Amino acid sequence: MRLNRHHELFRDSVRGVLERVVLPELDGWESAGRMPTHDLFRALGEEGLLGLTLPADAGDGGLGLDLGYAYVWAQELGRLPAGSPAMSLSVQTDIVLPLLAEAGGDQVRTRFLRPAIRGELVAALAATEPGGGSDLATLRTTAVRTADGIRLTGEKAFITNGSVADFAVVLCHLVEADGERRPTGLDSLTLLLVPTRLPGVHQERHTGKLGNRACDHGRLTFTDVPVPEENLLGKPGSGYEALTRVLTRERAFLAAVATARAEAALRETVAHARGRAVLGKPLMDHQAIAFRLAELDAELALVEQYTGAVFHLLDEGAPALRQASIAKLRASRLERDGADLRLQLHGGGGYMDGGPVERAYRDARAYGLAGGADEALLHLIAGHLHTDI
Ligand SMILES: Cc1cc2nc3c(=O)[nH]c(=O)nc-3n(C[C@H](O)[C@H](O)[C@H](O)COP(=O)(O)OP(=O)(O)OC[C@H]3O[C@@H](n4cnc5c(N)ncnc54)[C@H](O)[C@@H]3O)c2cc1C
């Protein structure tokens, strides 16, 4: 993505907002293992940051900006010294709100999209189930359509913002009550917007997580929940395709976050390696160490360019499924490798630090799973090898 002067001015302003609203609180949120998600979203919504790339002409509050702004937004969230805000916010800005803008009817736009752009509502995307997330064909959550409306039953797990969200976009099978076909495979998967205050919805927080501790992750249980017909997003059976499209964008976003996090970590590691002496000279003067850091730097330079190119492709309307998967796979692995090397070079102090070094090591693990596990991405990339080469 070729960033221009306007993108860079935007970067300065986002950085200023995050330094004012997030940075002073972040350590406290991480130690407490929770953050005030609603307050945070409202503050960032007031700054106009939650609807950057949504269409401006629809009158919902979107700013109609190009995806270069989403790229800068992701990079600046990635510069924060903890992963929780990026994880929580990306669900709102880069998954759910684009879905609502694309497929929501008038009611959905008025009651959910507009307030969510203002930061008054927190959203979740609920696809994964306790029985499996990589293979969406195995999902069991089902919405039955009767003459009296839609009733939803099922269970979702590991959902970002899951226990605090005001509404969730739920991936489920939609079947007609009197139809003969039972839910199978991908072609009955449908997206349904479910307000969490409806009777039969139960939200529960996951505790004892490895990383991203301030970010909320929850289980959602639906027991015969009555969902209004107008909360269907798109046509019945269009859920898998719509989700794939929006998860592609999310993967580009996560790649940009992971790259920015890896770069920030590398800078800090190099500063440490210059200052810490072993065997009479700084770590940085030991060639084995300098070369490992140089390898990381070289890889990061390539992944950053590649991720920028993926945003450019998406901005031009290309599907970029393979490219976004490659970017996320490589960027998240680099983030992990960099966090591991950083902890290693900080010695026992890194392990015991209870601060940014150990936190980055824990947080870095998430992107190997969230947004598609590494192997699920490799499966997808391998699929292109069968057809494209
Ligand atoms: C921090 C975090 C945030 C998350 N947020 C959300 C969210 O907001 N919404 C949501 O719906 N889900 C969310 N998830 C769930 C995430 O999408 C799933 O964990 C992921 O898709 C893997 O599904 P699973 O955990 O059920 O593992 P499984 O599907 O059971 O897979 C287990 C393991 O099998 C391997 N595997 C997977 N596919 C293949 C393959 N094709 N070939 C070989 N091996 C393979 C991988 O190593 C994978 O980790 C989140 C997860 C985490 C960790």
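Everything numeric here is computed off the predicted structure, so don't read it as measured data. Computed over heavy atoms, backbone and side chain alike; hydrogens, waters and symmetry mates excluded. Counting starts at 1 for both ligands and their atoms, following the listed order.
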Undergrad: Might you confirm whether atom CD of E230 has over 12 heavy atoms from other residues, nucleotides or ligands at distances under 6.0 Å?
TA: yes

Undergrad: Between R79 and E263, is there a salt bridge with N-O shorter than 4.0 Å?
TA: no

Undergrad: For ligand 1, what is the set of protein residues having any non-hydrogen atom at a distance below 4.0 Å?
TA: M87, L125, A126, A127, T128, G132, G133, S134, F158, I159, T160, H217, A366, L369, A370, A373, E375, A376, H379

Undergrad: CZ of R151: more than 12 outside heavy atoms within 6.0 angstrom?
TA: yes

Undergrad: State plainly whether the residues R336 and D374 are in salt-bridge range, i.e. N to O under 4.0 Å.
TA: yes

Undergrad: Using the salt bridge (Lys or Arg N to Asp or Glu O under 4.0 Å) criterion, which residues pair with D166? Sequence neighbours excluded.
TA: none

Undergrad: Are the charged groups of R205 and D216 less than 4.0 angstrom apart, N to O?
TA: yes

